[in-house]
Amino acid sequence: MSLLQNFFYFIMNRTFFTKIFISIFISSFIGIVTIAIINHQYFKHILINNEMERVQQSINQSAVNLDNLLSRIINDMDYFITYYESDIIHINTNNQTNPADVEKFMNDLETFQLRFTDELESVFYYKEDEQSKDPIFIHNNNLHRIPNIIYVEHEWYKHYRNNVDLPTWTVPTDQHLFYQDRSQKTVWLTIGKYSKESEFGIFVIRINSKIFSDLFRELANDDLMIEIRDGNGNEVYATHSTDHLVNNSDWLETTSTLEKSEFNIHVFINKLAITDKVNQVQSINLMMVPLILVVTFLFSLILSLTLSRPIKEMLRLLKQVENGNFDVRFPNRYKDEIGILGKGFNKMITNVKNLIDQVFVIKMDKLKMELKQKESTILAMQNQINPHFLYNTLETINCHAIVHHVPSISNMSQALADFFRYSIEKNQIIVSLQEEVTHVETYLHILNERYPEIEISINIPEPFYSYSIIKLSLQPLIENAFQHAFSGERDYYLNIYTEDINELQYSVCIEDNGEGMDKDKLDALNESLNNLSANVDATIDKDKNKKSFHHGIGILNVHSRILLSFGSSHGVRLKESMSGGLLIQITLPKKGNEHETINR
């Protein structure tokens, strides 16, 4: 798999022409080779089937001829026995046999054998009874028995003793009874059983194996082997030894069954002898491979050049565009996808040229704005001198207070320096609640010198310290409380605490027991806060709000900053506290993203 992936990576890093050429070449070559292989296999299959069909027809025809010949022999045997049945029954060994009848029977047996000279080797009739000790053989005078033959061990005699009722073939045997029996291996054909008063006999024929070889000799060769087996699978005749051919994939087997006899003909055909012709064609195909490669190469080259030429033309135009020439155009002589791409290219070049003209004007305006921005930066750098001068002055006051043992002045100057440093120097929009609370504590420390009688309580659990809050959002609200809520002559307090809203939000509450706010002004201020929440981008009309309520501008500013940073589901809400004062609730997310804030 990795090899294939490496090949694809190699192809993808080549030029377009190389990709097209390799793709067409491989596709064409694979297609041609595939067709050649399929054609070879199909031709091989057809040739084998035709050869098998031809052999099967020849074998079937020879099998029919053999079956008819054997059937004719059996029918003649039946006719012969039936014709002589009355005479055969009277033949015995008790000296009552008429010699003339026996002589006539022997002559008829000779005549019968002469009808099948090439098919039969010997024909005889055998009979024995209980009264006679010696059985008799009746055969023609031309046959001569081999002395000392123990015929009781022969297959035909076993059939005789087994009292076989129907005509049957014996198993293949090499047994001989007469000198005229020539075949090394053959079968006995036995028929007939005749009895009268415990007398019976059998008509036996020994088949000449030439009957098989004559029929199949012209068909058999080294590549086609024939074997004849009886109904029990015993080999009767074989042109070659076929034991090693069984289950051999190099040899094809076909069979033919004799309908009237009990034999099966098995034919083994050498597959290689058939496929040699196909292999000769394959050799020619292999010789054609170089020619196919050359033709495929030329075809792929011409087609690749045709397909890649417009792409190269477009690349050449693109390089001119890179060098700043926007007057080039792709020729519109193609009507395919390349033509559509060319039209898009021309349209793109036109649009780019127009955009460049527009960008030039915008760039000039931007340069002017950058000049103004640089001037503003210089002014800002100049203004930074004042905070640094302020820090140095507060540090000098702190040192003098320490030298002259005035800790209150030292604490005030140090707290004031920390207050301005957090407000001016730290370049952040969103900070942690802990940082904001630390700044508020510094601010309250300064106010405590002026309002020591006001009780201040900050109750914020440690888990809330890491939550997000807008920088400098609590101090303006606390400042409003000191300016407007604590104007009487009674005891006042200011309580700062947090509440958990849900998994994503929490709130910071600033509660006092001051003079409070009229219900109409409170409702008007909450309505303004709601309007800002409905339209985050709304601007604040400070002059208009000053006419309605003199201490709502700081609240609106904090609310607007929270909306712009965290969205409309957060912000400031006001209501009357339990003690009659004012409760300011700030809803904030537990996590904030400063980059999202800047984008927003």
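Quick note: numbers below take in every heavy atom, side chains included, and nothing from hydrogens, waters or symmetry partners. Keep in mind that this is a model prediction, so the values were computed, not measured.
Atoms CD1 and NE2, from I202 and H159 in turn, are 8.0 Å apart once rounded to the nearest 0.5 Å. Of the inter-residue distances, the one linking N351 atom CG with I356 atom CD1 reads 11.0 Å to the nearest 0.5 angstrom. Distance OG/S58 to CG/L215: 12.5 Å, rounded to 0.5 Å. Summarising the geometry, atom NE2 belonging to H45 is positioned 14.0 Å from atom CD1 belonging to I38; distances are rounded to the nearest 0.5 Å. To the nearest 0.5 Å, the span separating CH2 on W156 from CD on Q175 amounts to 10.0 Å. Interatomic distance, W251 CH2 to F268 CZ, rounded to the nearest 0.5 Å: 9.5 Å.
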- prompt: side-chain contact (heavy atoms from CB on, under 4.5 Å) between I226 and L224: does it pass, once the steps are laid out?
  reply: CA-CA 7 Å; I226 301 174; L224 192 148; 3.7 Å; yes

Test side-chain contact (heavy atoms from CB on, under 4.5 Å) applied to L355 and Q358, step by step: CA-CA 5 Å; L355 287 174; Q358 297 177 8; 3.9 Å; yes

- prompt: Can you list the steps and then say if Q113 with L143 is a side-chain contact (heavy atoms from CB on, under 4.5 Å)?
  reply: CA-CA 11 Å; Q113 184 174 356; L143 296 178; 3.9 Å; yes

field: side-chain contact (heavy atoms from CB on, under 4.5 Å) evaluation trace for L177 with R206
entry: CA-CA 9 Å; L177 186 62; R206 191 177 194 273; over 6 Å; no

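With sequence neighbours excluded, the residues satisfying side-chain hydrogen bond (donor to acceptor under 3.5 Å, both in side chains) with E110 are N142. When the salt bridge (Lys or Arg N to Asp or Glu O under 4.0 Å) test is applied to R115, the partners found at least two apart in sequence or on another chain are D76. By the ring pair (Phe, Tyr, Trp, His ring centres under 6.0 Å) test, F212 is found to be paired with Y237, residues two or more places apart in sequence or in another chain being considered. Partners of F345 according to the ring pair (Phe, Tyr, Trp, His ring centres under 6.0 Å) rule, which considers only residues two or more places apart in sequence or in another chain, do not exist here. E119 is linked by a side chain to side chain contact (heavy atoms under 4.5 Å, CB included) to L69, I73, F116, I211, counting only residues two or more places apart in sequence or in another chain. A search for side-chain hydrogen bond (donor to acceptor under 3.5 Å, both in side chains) contacts involving E155 returns nothing, not counting sequence neighbours. Partners of D118 by side-chain hydrogen bond (donor to acceptor under 3.5 Å, both in side chains), not counting sequence neighbours: none found. Not counting sequence neighbours, T170 has no partner by the side-chain hydrogen bond (donor to acceptor under 3.5 Å, both in side chains) test. Every residue meeting the salt bridge (Lys or Arg N to Asp or Glu O under 4.0 Å) condition with R316, not counting sequence neighbours, appears here in chain and number order: E313. Scanning for salt bridge (Lys or Arg N to Asp or Glu O under 4.0 Å) contacts around K185 gives an empty result, with sequence neighbours left out. Applying the ring pair (Phe, Tyr, Trp, His ring centres under 6.0 Å) test to H139 and every residue at least two apart in sequence or in another chain returns F178.
Taking the six-membered ring for Trp and the full ring otherwise, the centers of F105 and F80 sit less than 6.0 Å from each other.
No donor-acceptor distance shorter than 3.5 angstrom exists from the side chain of N232 to the backbone of N234, with no hydrogens or angles considered. H266 places no side-chain N or O within 3.5 Å of a backbone atom of M225 that could act as its donor or acceptor partner. Checked by atom type and distance alone, the side chain of N107 pairs as donor or acceptor with a backbone atom of E103 at under 3.5 Å. With N50 contributing its side chain and E53 its backbone, the two residues share no donor-acceptor pair below 3.5 Å. Within the 3.5 Å criterion, the main-chain N or O of S568 finds no donor-acceptor partner in the side chain of H570. Distance alone, capped at 3.5 Å, is enough to place a donor-acceptor pair between the S213 side chain and the K210 backbone. Checking side-chain atoms of N325 against main-chain N and O of Q320 turns up no donor-acceptor pair under 3.5 Å. Judged purely by atom type and a 3.5 angstrom limit, K590 uses its side chain to pair as donor or acceptor with the backbone of N502. Under the 3.5 Å distance criterion, the side-chain polar atoms of S183 are matched with a main-chain donor or acceptor of S209.
Ring-plane geometry between Y467 and F464 is classed as perpendicular, the angle between the planes exceeding 60 degrees on a 0 to 90 degree scale with a lower cut at 30. Note on ring orientation: taking the six-membered ring where Trp is involved, the planes of Y160 and Y126 are perpendicular (angle over 60°, cut-offs 30° and 60°).
A heavy-atom distance below 4.5 Å is found between the side chains of M106 and I138. Between D230 and V187 the shortest side-chain heavy-atom distance does not fall below 4.5 Å. Contact annotation: the side chain of L66 approaches that of I228 to within less than 4.5 Å [non-hydrogen atoms, C-beta and beyond]. You'll find the side chain of V236 reaches within 4.5 Å of the side chain of F263, heavy atoms only. Counting only heavy atoms from C-beta outward, the side chains of T350 and R329 approach each other to under 4.5 Å. Inter-residue side-chain proximity for V123 and F203 is flagged as met; some heavy-atom pair is nearer than 4.5 Å.
For the residue pair E121 / T186, no side-chain donor-acceptor distance below 3.5 Å is found, with atom types taken as modelled. Inspection of the N264 and T255 side chains reveals no N or O donor paired with an N or O acceptor under 3.5 Å.
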Please set out all donor-acceptor pairs under 3.5 angstrom arising from side-chain atoms of residues 144-151, sequence neighbours excluded.
none

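The minimum heavy-atom distance linking P172 with E235 is given by the pair CG-O, 3.0 Å. Here the closest heavy-atom approach between residue F216 and residue S62 is recorded as CE2-CB, 3.4 Å. Residues T587 and Q505 approach most closely at CG2-NE2, 4.0 Å, considering heavy atoms.
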